[in-house]
Amino acid sequence: MANAASMREEAETLAIRALGFVAGDPELLPRFLAITGIEAQSIRKAAAEPGFLAGVLQFILAHEPTLLRFAEETGTPPAAVGKALRALPLGNDDHERST
């Protein structure tokens, strides 16, 4: 499972870069905070929560112009963002459900 661990580590790194991208943008940050309900001073604490990094990537993916700008500014292929999302906890629908 080293490959899965490596993929998750790469996905986390990309999500952290995406968080920096959002945090550094005066238009995106307020929108991200409003959508997530997180307060600016709580981002660092929230980032440690399961699913937070997946949420950052979902935010990037939800708006194509934002995705394309992130991709261009970071040299990241847009498809890599979706791939990273699926490698993170709570980044897909493949989780256990109660029956």
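When a residue number appears, it is its place in the shown sequence, counting from 1.
Interatomic distance, CG of L14 versus CD of E9, reported as 13.0 Å (0.5 Å rounding). Between atom CD of residue Q41 and atom CG of residue L33 there is a gap of 9.0 Å, rounded to the nearest 0.5 Å. One finds the OG1 atom of T66 at 10.0 Å from the CD atom of E64 (value rounded to the nearest 0.5 Å). Rounded to the nearest 0.5 angstrom, F59 CZ and F21 CZ are separated by 9.0 Å.
Under a hydrophobic clustering in which Ile, Leu, Val, Met, Phe, Trp and Tyr are joined whenever their side-chain heavy atoms come within less than 4.5 Å, directly or via other members, L67 and I16 fall into the same cluster. The cluster map of Ile, Leu, Val, Met, Phe, Trp and Tyr, joined by side-chain heavy atoms under 4.5 Å apart, puts L19 and L68 in different clusters.
Without hydrogens or angle criteria, R86 side chain to G91 main chain gives no donor-acceptor distance under 3.5 Å.
Residues E73 and R69 are paired through a salt bridge, judged by an N-O separation under 4.0 Å between the basic side chain and the carboxylate.
Minimum heavy-atom separation, P26 to G24: CD-O, 3.7 Å. Residues A23 and L29 share a closest heavy-atom pair of O-CD2, 3.8 Å. Nearest heavy atoms, L88 versus R8: CD2-O, 4.2 Å.
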Which atom pairs, one a donor and one an acceptor, fall under 3.5 Å between side chains of residues 42-58 and the rest of the protein, sequence neighbours left out?
none

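By the 4.5 Å heavy-atom criterion applied to side chains, L28 and H63 are not counted as neighbours.
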Pair R31-V22, side chain to side chain contact (heavy atoms under 4.5 Å, CB included): steps then yes or no: CA-CA 9 Å; R31 193 170 87 206; V22 170; over 6 Å; no

